[in-house]
Amino acid sequence: MAPKRVDRAARREDILDAAVRVFARRGFAATRIEDVAAEAAIAKGSVYLYFDSRDALLRAAFERVAARSERLAAAAARPGAPAVERLAGMIRGAVAMLAAEPDLARIMGDLWSTGRARPGTPAEPAAAPLDLAEVYRGYRSLIAGLLAEAGREGDLRPGLGGPEATVVVAAIEGALVQWLVDPEVPFADLAEPIVATCLDGLRPRPAG
């Protein structure tokens with residue numbers, strides 16, 4: 001009987017899913033390749049056929065999220081609907097995406113707490129697998145552009161930009177952190193409150 005053929009793409013995704021679960025449960029620094037192999041029910045050497053290190057596993061996990069984030073950003077940047085509606089849609093999409101990936105959210109929390117996401121720190125002198133600072137810069141830039149556009153369209157106050165974009169990102173991330181430390185926080189249901197709090201407060205003020 002011919003040996004069973006392995007679907008390499010499916011096996012790679014299985015290993016990646018196992019790595020995300022273990023990273024979230026044990027923490028990135030405490031996880032070994034053999035832990036990932038045990039979670040995926042394969043030999044340690046099989047992991048190395050697809051990923052050459054823990055860093056490679058971490059990068060691949062966040063590349064999947066980055067691809068989804070890029071689709072959200074592309075939709076928000078696409079002309080057509082008013083800018084304020086596109087920004088509200090982006091906020092809703094970001095909350096839904098993060099709520100659907102609780103293990104990756106926990107890994108981000110682990111990276112924040114260890115400082116691993118800051119390239120060049122003593123804890124991680126080499127380039128980190130994920131540059132969160134660059135991720136946040138991209139989000140702030142896109143949101144600032146949408147806020148400014150909404151101001152020109154008259155839906156929000158004119159002159160909005162970077163500071164307000166930082167607050168919008170902080171609202172999403174702050175709700176995420178609260179959910180990570182207290183599972184009773186209904187993070188998936190907070191998209192509309194975030195939209196209302198962040199955007200309605202930036203509407204043009206009535207004259208007088």
Side-chain angles (χ1 to χ4, degrees), residues 20-21 23-24 58 61-118 130-206:
V20 168
R21 291 194 298 272
F23 289 157
L58 186 65
F62 278 99
E63 281 168 4
R64 293 197 302 195
V65 176
R68 297 168 196 166
S69 296
E70 287 169 6
R71 288 193 289 270
L72 281 175
R78 192 177 300 126
V84 70
E85 292 182 12
R86 286 182 277 134
L87 177 52
M90 180 181 172
I91 292 171
R92 295 183 185 106
V95 170
M97 180 184 70
L98 291 167
E101 297 280 0
D103 283 343
L104 280 172
R106 293 186 184 97
I107 296 169
M108 287 179 66
D110 177 45
L111 296 177
W112 292 330
S113 65
T114 62
R116 186 177 175 77
R118 299 194 301 273
L130 180 68
D131 186 351
L132 283 176
E134 182 62 30
V135 171
Y136 285 132
R137 279 193 289 270
Y139 275 126
R140 290 196 303 271
S141 176
L142 175 60
I143 292 171
L146 289 169
L147 290 171
E149 187 177 348
R152 292 191 294 271
E153 292 171 348
D155 291 317
L156 298 179
R157 296 197 301 273
L160 302 174
E164 292 79 13
T166 302
V167 172
V168 172
V169 173
I172 298 171
E173 295 292 333
L176 175 64
V177 170
Q178 291 180 69
W179 175 51
L180 292 179
V181 299
D182 181 3
E184 292 187 6
V185 172
F187 178 67
D189 299 329
L190 294 180
E192 293 309 320
I194 292 172
V195 168
T197 301
C198 290
L199 300 189
D200 288 352
L202 299 176
R203 298 285 182 182
R205 297 187 179 95

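Predicted, not measured: the structure shown is a model, and the values here were computed from it. Residues: numbered from 1 along the sequence shown.
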Heavy-atom closest pair (Phe187 atom, Ile172 atom, distance to 0.1 Å) is CE1-O, 3.8 Å

If you measure from the Lys or Arg side-chain nitrogens to the Asp or Glu carboxylate oxygens, is any gap between Arg64 and Glu101 under 4.0 Å? no

In this structure, CG of Leu176 is separated from CG of Leu190 (nearest 0.5 Å) by 10.5 Å

The reported gap from CG in Leu104 to CZ in Arg21 (rounded to nearest 0.5 angstrom) is 12.0 Å

Taken to the nearest 0.5 Å, the spacing of Arg92 CZ from Ile194 CD1 works out to 11.0 Å

Interatomic distance, CG@Leu156 vs CG@Leu87, rounded to 0.5 Å, equals 7.5 Å

Output a table of donor-acceptor pairs, distance under 3.5 Å, between side-chain atoms of residues 72-84 and any protein atom two or more places apart or on a different chain; print 'none' if there are none.
none

To the nearest 0.5 Å, atom CG of Leu146 lies from atom CD of Glu85 at 12.0 Å

In this structure, CG of Leu142 is separated from CG of Leu147 (nearest 0.5 Å) by 9.5 Å

Has the side chain of Ser141 got a donor or acceptor atom that lies under 3.5 Å from a matching backbone atom of Arg137? no

**Prompt:** Should Val168 and Tyr139 count as side-chain neighbours, where that means a heavy-atom distance under 4.5 Å?
**Reply:** no

For Ala144, the side-chain contact (heavy atoms from CB on, under 4.5 Å) test, sequence neighbours excluded, returns Ala165

Evaluate the side-chain proximity of Trp179 to Pro102: yes if any heavy-atom separation is below 4.5 Å, no if none is.
yes

Taken in chain and number order and not counting sequence neighbours, the residues that satisfy salt bridge (charged side-chain N to carboxylate O under 4.0 Å, His left out) with Arg140 are none

Of all heavy-atom pairs linking Ile91 and Val195, the shortest is CG2-CG2, 3.8 Å

Practice prompt. For the residue pair Ile143 and Met90, establish whether any side-chain heavy-atom pair is separated by less than 4.5 Å.
Written response: yes

Smallest heavy-atom separation, Val185 atom then Ala175 atom, equals CG1-O, 4.4 Å

